[in-house]
There are 2 protein chains.
Amino acid sequence: MPKSKGQEAVTTGPAAEEREEFRIFYEHIKRTGLKKTGQRDMILDVFLRTEGHVSSEDLYEIVKREDATIGFTTVYRTLKLLQECGLARNVQSYDGRMLYEHDFKHDHHDHLICTSCGTLIEFFSETIEKIQDRITDEHRFKPISHSLRIFGICWECQVRAEKESRSRR
Amino acid sequence: MPKSKGQEAVTTGPAAEEREEFRIFYEHIKRTGLKKTGQRDMILDVFLRTEGHVSSEDLYEIVKREDATIGFTTVYRTLKLLQECGLARNVQSYDGRMLYEHDFKHDHHDHLICTSCGTLIEFFSETIEKIQDRITDEHRFKPISHSLRIFGICWECQVRAEKESRSRR
DNA sequence: ATTGGTGCAAAACTTTTGCACGGTA
DNA sequence: TACCGTGCAAAAGTTTTGCACCAAT
């Protein structure tokens, strides 16, 4: 099974507490009567440093490298919190696993999903968005979110497959 | 968890073996060196009588009513066969379960999925299809299939929620 | 002090697979 | 006879939950 990709690019930025994402998170925590903890801070910090799409397991693996005492459950539950306050968004991968991506100051978009290597490529179409609005109106359906996924083979995998088939001859 | 809906409308038609779907199935069976069995016939027959979207478990439950000796595994594997020969198509529901729908002489379409009752409503947009082609071209992505799902609340559930909130006052 | 948080272990579920026995060609 | 199919049980792989102990307010 392909690992989710692109989760390891590291960026150095302002101190944790100064970042807007943390302010949003803390507000959410205060508003819902939860508590600020070191684990949650660290998980959010790691999540913000990821790029692309991670599963809860992926994120747990990265977190574990920096603090092996943090449990999977906490990562899992923190991802739920991040979704609630609009910092994370989830996408169902082609194999049924749930992946998470940044949702703060990231415009809505859809995905091309390579069923060979698991990569997700983002794209956006204003026209598709508008048509969706028209369709939900017609059905008196109250839309909450949507997910357009195009499954297929990404260019890299096509090239690789071609190369492999040539060398086999 | 909402049960998948609409799987029980029964239609009486021509004898099994005369139906085009069965010819397609038998051809697939012959072509791939498999064998015709009573179980497979019955599962296909039941599947053809369903409407809407069923999970493998749903289909198993219906099949079991007509023949309690058939096992889940056989239903599950037969659904795979039906997909292979183009009689069934699958859709991932909002909760991660895989649902199956008819794919023979049924045009491609997308779904509005009610996250309250689980109902799937079908729709189609030629424009969206065309835009998808343009996008995959731009990314040199080789499309295999796609899935556009709009999650939200269907009209019936909206009405029901409204009614309930009124009676609570 | 309270109330919520954490980590572990286990439950819940669906999807898949291994295997011994029985049926089809 | 030689395969393939079937049903059972169990494996796999995630997502969720119960609980006892710990930490934040």
Side-chain angles (χ1 to χ4, degrees), chain A residues 1-4 17 25-44 46 53-61 63-64 66-84 88 90-100 115 118, chain B residues 1-4 17 25-44 46 53-61 63-64 66-84 88 90-100 115 118:
Chain A
M1 175 177 305
K3 272 263 168 182
S4 319
E17 299 65 36
F25 189 47
Y26 293 155
E27 263 173 46
H28 178 69
I29 278 180
K30 183 175 288 182
R31 191 163 15 89
T32 53
L34 303 176
K35 285 165 184 170
K36 181 178 177 308
T37 71
Q39 288 95 326
R40 286 175 177 166
D41 283 355
M42 135 136 253
I43 292 164
L44 172 53
V46 170
H53 308 80
V54 291
S55 65
S56 49
E57 185 63 32
D58 289 337
L59 194 63
Y60 169 59
E61 290 301 328
V63 164
K64 209 164 55 172
E66 310 196 13
D67 181 347
T69 71
I70 294 185
F72 170 78
T73 311
T74 304
V75 174
Y76 173 79
R77 290 197 262 233
T78 301
L79 275 170
K80 297 238 138 167
L81 291 185
L82 297 184
Q83 284 186 83
E84 286 170 19
N90 61 4
V91 206
Q92 237 174 25
S93 189
Y94 70 96
D95 57 7
R97 281 187 314 165
M98 199 59 88
L99 304 181
Y100 300 83
T115 56
Chain B
M1 175 178 304
K3 272 264 165 179
S4 320
E17 299 65 36
F25 189 48
Y26 293 155
E27 263 171 45
H28 178 70
I29 277 181
K30 183 175 285 180
R31 190 164 14 91
T32 53
L34 304 176
K35 285 166 185 169
K36 180 179 177 307
T37 70
Q39 288 96 326
R40 285 175 176 165
D41 282 355
M42 135 136 252
I43 292 165
L44 172 52
V46 170
H53 310 78
V54 291
S55 66
S56 49
E57 185 63 31
D58 289 338
L59 194 61
Y60 169 59
E61 290 300 329
V63 164
K64 209 164 53 171
E66 310 196 13
D67 181 348
T69 71
I70 294 184
F72 170 78
T73 311
T74 305
V75 173
Y76 173 78
R77 289 198 262 233
T78 301
L79 275 170
K80 296 240 138 166
L81 291 184
L82 297 185
Q83 284 185 84
E84 286 170 18
N90 61 4
V91 206
Q92 235 175 25
S93 188
Y94 70 96
D95 56 7
R97 282 185 314 165
M98 198 59 89
L99 304 181
Y100 300 83
T115 56

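Letters go in sequence order (proteins before strands), and every chain restarts at 1.
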> Does any N or O in the side chain of B/Asp41 come within less than 3.5 Å of the main-chain N or O of B/Gly38, such that one atom is a donor and the other an acceptor?
Replying inline: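 Answer holds: no.
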Could you tell me how far apart [X] ([atom1]) and [N] ([atom2]) are, to the nearest whole angstrom?
X       : N      : atom1 : atom2 : value
A/Gln92 : D/dT14 : CD    : P     : 14 Å
B/Arg31 : C/dA25 : CZ    : C1'   : 19 Å
B/Leu59 : C/dT14 : CG    : C1'   : 15 Å
A/Glu57 : D/dA12 : CD    : P     : 16 Å
A/Met42 : C/dG5  : CE    : P     : 19 Å
A/Arg97 : D/dT15 : CZ    : P     : 8 Å
A/Asp67 : C/dG7  : CG    : C1'   : 12 Å
B/Asn90 : C/dT14 : CG    : P     : 16 Å

Pairwise N/O distances under 3.5 Å, protein to nucleotides 3-6 of chain D:
residue: D/dC3; atom: O2; partner: B/Lys35; partner atom: NZ; Å: 2.6
residue: D/dC4; atom: O4'; partner: B/Lys35; partner atom: NZ; Å: 2.9
residue: D/dG5; atom: OP1; partner: B/Lys35; partner atom: N; Å: 3.4
residue: D/dG5; atom: OP1; partner: B/Arg40; partner atom: NH1; Å: 2.6
residue: D/dG5; atom: OP1; partner: B/Arg40; partner atom: NH2; Å: 2.8
residue: D/dT6; atom: OP1; partner: B/Thr37; partner atom: OG1; Å: 2.7
residue: D/dT6; atom: OP2; partner: B/Arg40; partner atom: NE; Å: 3.4
residue: D/dT6; atom: O3'; partner: B/Gln39; partner atom: NE2; Å: 3.2

> Do the charged groups of A/Lys64 and A/Glu61 touch, with an N to O distance under 4.0 Å?
Replying inline: yes
> Side chain of B/Thr73: nearest nucleotide among C/dA25, D/dG7, C/dT15?
Replying inline: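 Within the option list, the nearest is D/dG7.
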> With A/Glu66, which residues qualify under salt bridge (charged side-chain N to carboxylate O under 4.0 Å, His left out), at least two apart?
Replying inline: A/Arg49
>> Once rounded to the nearest 0.5 Å, what's the spacing between atom CZ of A/Arg31 and atom CD of A/Glu84?
In response: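 Going from CZ on A/Arg31 over to CD on A/Glu84, the span is 9.5 Å.
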> Going from CG on B/Leu44 to CG on B/Leu82, what distance comes out if it is rounded to the nearest 0.5 angstrom?
Replying inline: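 Spacing of CG (B/Leu44) from CG (B/Leu82) equals 5.5 Å.
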>> Ignoring hydrogens, what is the shortest heavy-atom contact between B/Phe72 and B/Tyr60? Give both atom names and the distance.
In response: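 Distance-wise, the nearest heavy atoms are N-CE1, 3.4 Å.
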> Which part of the nucleic acid does A/Lys80 contact within heavy-atom distance under 4.0 Å: base, sugar-phosphate only, or nothing?
Replying inline: sugar-phosphate
